[in-house]
Amino acid sequence: MILPIFRTAMTALRRDRAALALSFILPISFFAIFAIIFGSNRTSTPKVSLIVVDEDRSPASRDLVAGLEREESLNVRTAPPARKGAPVPQPYTAATAEAAVKAGDVSVALIIPQGFGAHPISFGPNAAGTQIEMLNDASDNIAPQMVSGLLQKAAMTSMPLDLAEQGMKYTEEYIGAFTPEQRKRMADNLDDLRQILDGRAADPGSSQGFDGLIRVEQRAVVGENKNNPMVSFYAAAIGVMFLLFTASGSAGSLLDESENGTLDRVLSSHINMTGLLAGKLLFNTLLAFVQLTVMYLFAWAVFKVDFFSHIPGFAVMGVCTALAVAAFGMLLASVCHTRAQLGALSTLLILTMSAIGGSMFPRVLMSDALKRAGLWTINAWAIDGFTKVFWYDQPVSTLWPQVTVLLSAAVALFAIARRLARRWEFA
Amino acid sequence: MSTAEATLVEVAAAPLVVESLVKRFGIVTAVDGISLELRAGECFGLLGPNGAGKSTLIRAVAGRVIPDSGRVAVFGFAAGSRQARAALGWVPQELALYPRLSARENLRSFGRYNGMRGKELEDSVAWCLHWASLQDRAGELTRNLSGGMKRRLNMAAGLIHHPRFVLLDEPTVGVDPQSRNRIFEMIEALRAQGMTIIYTTHYMEEAERLCDRIAIVDRGRIIALDAKEGLVRASFGERSQMVARFAGPADAVRAWVESRGGRMKEATAEFSADRPSEIGALLEAASAAGFELVDVSLRRPNLESVFLHLTGRELRD
């Protein structure tokens with residue numbers, strides 16, 4: 001009894017060419033616009049979560065960690081968050097910190113190596129300070145810059161030449177003049193430093209010869225070989241938002257059928273309300289899944305997202321997401337009494353969910369409160385799942401939290417929709 | 001109940017039994033204690049003004065309304081039960097069709113909803129298209145069909161699963177006279193097949209033409225139930241109606257007509273007359289009162305007269 005409903009809905013959709021075209025063209029257009037605009041430029045300054053591993057445990061390294069912890073724009077973790085009732089977790093090691101970055105828990109990790117305390121400061125062109133290793137997720141290009149800047153904050157990295165010249169001046173003033181030989185060597189050194197700084201001015205990206213007071217080696221551990229981190233994010237983000245719109249619009253056929261008496265006629269046949277809703281849920285789920293597939297194929301063709309290496313993960317996340325959004329649409333249609341109501345409510349809810357759920361802006365850049373609020377949206381869980389698949393290359397087994405939440409949401413939303421649909425069953 | 005027992009019940013039971021049905025919507029009592037029983041093969045008319053409770057009664061028979069009290073049985077099965085739904089065809093007042101599906105696709109969809117498949121379904125679709133004279137437009141999208149064609153398709157969709165008892169809820173609403181005649185022919189074809197029909201309308205001429213028995217419904221109650229002749233006889237006996245128009249001030253004419261036991265209907269005065277000879281006396285009295293007679297006629301009362309007589313109101317308020 002479900003298939004006839006599905007078949008009817010499919011035929012009706014084919015006839016509504018405008019709706020059919022819009023359901024594919026609109027999301028792709030928005031996706032392309034967002035991908036182009038945000039794909040290469042991000043300018044916000046969020047609070048950054050940072051893992052710090054102190055392998056040195058020297059006074060200097062402890063001071064450095066304490067200094068970082070005092071920074072308001074950093075959320076420094078030295079150990080995983082403690083869980084209620086569980087043993088106190090072990091501090092991060094270089095390996096677990098790298099794993100955490102790869103899993104997307106944080107965007108940046110700093111590894112302070114053994115021996116740092118012996119040579120904490122590197123100064124001048126031939127500095128020999130111990131290097132701190134910075135592990136980062138290439139999808140977030142703001143966080144490493146913030147961490148790097150804050151690390152150097154106290155060391156006045158922008159004024160090494162002035163410091164050196166002032167130091168010479170005060171040395172001659174209070175201790176005595178340099179010998180000609182000393183003066184020549186100092187002048188040579190300053191020339192070398194000037195050349196390095198001039199070269200850095202010509203090429204701001206270069207850090208040749210001078211890396212600040214603390215030497216840092218940056219290494220991307222996630223996404224080093226990927227084309228554009230934001231494209232795969234927006235494929236999921238925009239895709240889910242438009243799935244929600246499409247699903248609510250499609251579920252609105254219930255209201256049309258109620259208004260023109262078709263619903264009554266269907267319910268006076270062998271089909272009951274559960275069968276009717278299940279048939280529509282099946283249709284809307286398939287519609288949403290096809291939409292997502294078209295979206296990712298477009299991302300693959302135009303933005304080089306590696307779709308075909310991630311088909312199992314895509315299939316799992318696609319089905320769960322499609323089911324959840326379809327159930328959400330059914331609920332909206334069951335709540336509303338007219339198309340106009342549905343239009344207004346769905347626009348409001350979907351845009352709100354999309355905003356806090358990360359469809360418009362990455363949740364990683366949001367405040368902790370917004371991040372928590374986002375967990376009440378389908379968008380956040382769907383985007384997290386797709387990001388795991390397409391960015392972090394995680395296996396399907398790691399998708400269980402997203403799958404569990406999305407399927408549970410689908411069941412709960414459908415159950416509520418079924419309950420509300422009782423008003424159509426009998427007067 | 002076993003299948004054999006169910007079949008026996010179905011064969012023996014009347015197509016429809018309604019007992020003391022009450023349905024309220026908030027403070028409005030749409031159906032107020034209606035009882036009736038249909039005979040197999042009859043066309044039963046429900047005649048009443050808009051809001052009289054006809055559609056609510058029909059929806060209760062279709063199992064789409066839960067009564068506050070009372071009982072509805074279709075061939076012995078509770079309204080809304082699977083057996084009752086299988087035996088019943090419902091043609092709602094609205095055009096309950098999928099506008100973006102063709103006529104044939106609509107019929108197929110509703111056939112499938114009723115559990116039909118394969119050849120049985122295709123044969124039934126072909127019969128319905130023929131019955132509704134829509135063979136030539138079978139592939140046309142429903143939204144592109146004319147109003148009359150949509151009405152016929154709406155009826156056909158209610159009969160796709162070969163019910164033995166059909167509810168026709170004002171099937172001629174909004175159609176032109178030509179389409180109306182076509183619909184009458186369709187209904188007469190069903191009657192010829194022995195189909196039991198409930199036909200609701202507020203067009204008395206339709207009820208007079210099509211129905212064996214007619215229930216006049218007003219304010220949720222059946223105020224009269226009989227064949228047309230029986231209804232007229234019960235209200236008017238053998239009396240005729242004299243219809244006259246008088247020249248003179250409208251208020252004065254109305255006052256005089258009502259003083260003589262008549263009624264004014266717009267500019268026309270209606271009197272009940274036991275014998276044609278009463279006309280002469282009435283005209284003399286009018287002349288004596290100073291009203292000039294414009295025209296006069298004598299006619300047998302019809303269903304509208306019955307309704308007016310019973311309720312004091314026009315059928316189409």
Side-chain angles (χ1 to χ4, degrees), chain A residues 1-23 249-280 282-284 287 333 337-339 421-427, chain B residues 23-26 30-31 55-56 58-68 74 79-86 88-102 104-106 108-117 121 141-144 150 154 157-158 160-161 163 167 169:
Chain A
M1 287 300 108
I2 292 172
L3 280 179
I5 291 285
F6 170 81
R7 208 162 158 175
T8 305
M10 180 67 90
T11 311
L13 175 70
R14 280 207 316 269
R15 295 285 148 66
D16 194 348
R17 290 177 193 282
L20 186 62
L22 281 179
S23 45
S250 181
S253 65
L254 266 175
L255 296 171
D256 299 336
E257 289 168 16
S258 167
E259 201 167 314
N260 72 8
T262 312
L263 193 62
D264 264 340
R265 173 171 262 173
V266 172
L267 293 175
S268 70
S269 70
H270 291 184
I271 290 177
N272 60 22
M273 183 54 93
T274 302
L276 174 72
L277 293 183
K280 288 188 179 291
L282 175 67
F283 170 76
N284 291 337
L287 177 65
H337 287 251
T338 65
R339 270 281 187 183
R422 283 174 62 87
R423 71 183 160 95
W424 283 312
E425 282 187 276
F426 304 103
Chain B
K23 178 63 190 175
R24 298 185 191 90
F25 296 105
V31 177
S55 290
T56 303
I58 288 281
R59 289 169 61 80
V61 175
R64 302 293 304 133
V65 159
I66 300 176
D68 290 301
V74 176
S81 65
R82 192 173 182 83
Q83 296 93 332
R85 283 188 282 170
L88 191 68
W90 179 27
V91 177
Q93 201 175 119
E94 303 87 1
L95 291 169
L97 300 164
Y98 296 107
R100 286 196 289 270
L101 266 59
S102 70
R104 178 177 280 118
E105 287 165 344
N106 262 292
R108 278 185 187 145
S109 292
F110 288 111
R112 289 190 193 106
Y113 297 167
N114 282 286
M116 302 176 85
R117 298 288 182 274
L121 175 62
L141 297 191
T142 300
R143 66 181 176 191
N144 296 338
K150 285 179 189 166
N154 197 38
I160 186 71
H161 60 296
L167 307 170
D169 194 359

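All of these numbers come straight from a predicted model, not from anything done at the bench. Chain naming here is simple, since letters A, B, ... match the order of the sequence lines and numbering starts at 1 in each.
Neither the backbone nor the side chain of A/Leu3 comes within contact range of chain B; no heavy atoms are under 4.5 Å apart. In this structure, chain A has heavy atoms under 4.5 Å from both the backbone and the side chain of B/Leu97. Heavy atoms closer than 4.5 Å to chain A are found nowhere in B/Arg24, neither backbone nor side chain. Looking at B/Ala60, there are no atoms closer than 4.5 Å to chain A (heavy atoms on both sides), in backbone or side chain.
With B/Ser109 contributing its side chain and B/Glu105 its backbone, the two residues share a donor-acceptor pair below 3.5 Å. Looking at B/Arg64, its side chain does come within 3.5 Å of a backbone N or O of A/Trp424 through a donor-acceptor pair. Side-chain atoms of B/Arg59 do not come within 3.5 Å of backbone N or O of B/Val65 as any donor-acceptor pair.
Comparing A/Gly275, A/Ser253, A/Gly261, A/Pro4 by how many heavy-atom pairs each has under 4.5 Å with chain B, the most go to A/Pro4. Taking chain A as the reference chain and counting heavy-atom pairs below 4.5 Å, the highest number among B/Val91, B/Thr56, B/Asn154, B/Leu88 is found for B/Asn154. Of the listed residues (A/Thr11, A/Ile271, A/Asp256, A/Asp264), the one with the most heavy-atom contacts under 4.5 Å to chain B is A/Asp264.
Using bins of under 30°, 30° to 60° and over 60° for the plane-to-plane angle, the ring pair B/Phe110/B/Tyr98 lands in the parallel bin.
More than 12 non-hydrogen atoms from other residues, nucleotides or ligands lie less than 6.0 angstrom from CZ of B/Arg117.
With A/Val266 as the fixed residue, the side chain to side chain contact (heavy atoms under 4.5 Å, CB included) test singles out one of A/Leu276, A/Thr8, A/Asn272: A/Leu276.
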